[in-house]
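Below: the structure, in structure tokens.
Order of listing sets the numbers, starting from 1, for every ligand and every atom in it. The structure presented is a predicted model; accordingly, all values stated were derived computationally and were not measured.
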Amino acid sequence: MTPAELEVADLCVELIRADSSNYGDGSGPGERAAAEVVMARLAEVGIESTYIESEPGRGNVITRVEGTDPSLPALLVHGHLDVVPANAADWSVDPFAGEVRDGYIWGRGAVDMKDMDAMMLAVLRRFKREGLRPRRDMVFAWLADEEAGGVYGAKYLTANHPGLFEGVTESISEVGGYSLEVDPSLRLYLIETAQKGLAWMKLVADGTAGHGSMLNDDNAVTEVARAVARIGGHDWPLTYTPTVRRFLTEVADAFGVPFDENDPQPILDQIGPLVRFVGATLRNTTNPTQLGAGYKSNVIPGQATAVVDGRFLPGFEEEFFKTIDGLLGPKVRREFVHHDIALETTFDGALVESMIAALKAEDPAARAIPYCMSGGTDNKTFFADLGVRGFGFVPLRLPADMDFASMFHGVDERVPVDALQFGVRVLDRLLLNY
Ligand SMILES: [Zn+2]
């Protein structure tokens, strides 16, 4: 085993022990401790890095590796340092102890995403120790605040230090590159090439305030309730984006089931718990999440509100809002609580070829396929705004029976040590050869 494979587990453990819980309200410990681990491990082998705090304690670490061919565009390899909080009472282990047990590293961030943070470190350290240089410039970034929208991380850096990403045209980061075993001779590796867009909408109805005992045909509560019921109950049609169509075709082929456009469920049944990542990528969705109105039983309020979490498919944003506006009705308007673009890129080009080749070299049973994620990552707005084409690629060869999707933000989050070692080998090949 190479030194990088040997040390990746220790690096991951060290990062997990640096609690970087992000509560989203600024109350957490911040990313500084985790950033210090990254900087110390880089400095140990002589790699200089830049540390940037957007707010006290909200640390980001960036380093650029100069490639041998300056004519090639640069690649961004990024991971986030923050993790979602963990309630220790729910866990079988201390979520911030980084315990290694039964071949797994346990702890908050083990898959989201201190695994990749550690793999990036291990590969970089090997390059430096052995005097290796990639062909193109590579920017390695360990970022703050992904779990709360990237305000203190990707957003801050792209807005205030865009020069750090000069020449970058592509990126790799979470959530993709993991395996789905069909049988021992065929493992699908899901590479994320698309993400749904996001529209958190506040619905507002203005009506006539008055006494609850009197006639009122302009009741804001009634109006907002009707709109919420229409939007929440809307049956969004099955819609196949190019990525989703390709994904379903590949899965159908791998498992030997037919692709019936009117009933994709038999295909989704093949992918087990991973359906949590992709189940909602076959249509737009609108889930009402909050309601607000009134202050007393017998007072009709002048205004009522609701919040709907809407997610639209790449390429279907305009159609989505047209439908929403029809469902709102004339008396209800909408405002954005948060609005984020959808992303979709094609599954082709030299980087995709290199990812496929690196996977195949380390796992002859590998077949890489693209997929669309129902959630979002830092590849969204901020890097997309810089014109960066982003992929989800954290290579992990997983045990056939592992429920990987439930590890994300889940209780007893853990990652197999040998999956990390596999990931280091694949990442090493990819970054060196691309
Ligand atoms: Zn993440």
Geometric cation-pi criterion Arg136 and Tyr434, 6.0 Å radius, 45° cone: yes
Counterpart residues, ring pair (Phe, Tyr, Trp, His ring centres under 6.0 Å), relative to His80 (two or more places apart): none
Side-chain donor-acceptor contact under 3.5 Å, Asn379 with His78: yes
Test side-chain hydrogen bond (donor to acceptor under 3.5 Å, both in side chains) applied to Thr169 - qualifying residues, sequence neighbours left out: none
The Zn ion (ligand 1) - closest N/O/S atom in Glu174: OE1
Short N/O/S contact of Asp112 with the Zn ion (ligand 1) (below 2.8 Å): yes
Any N, O or S atom of Glu147 closer than 2.8 Å to the Zn ion (ligand 1): no
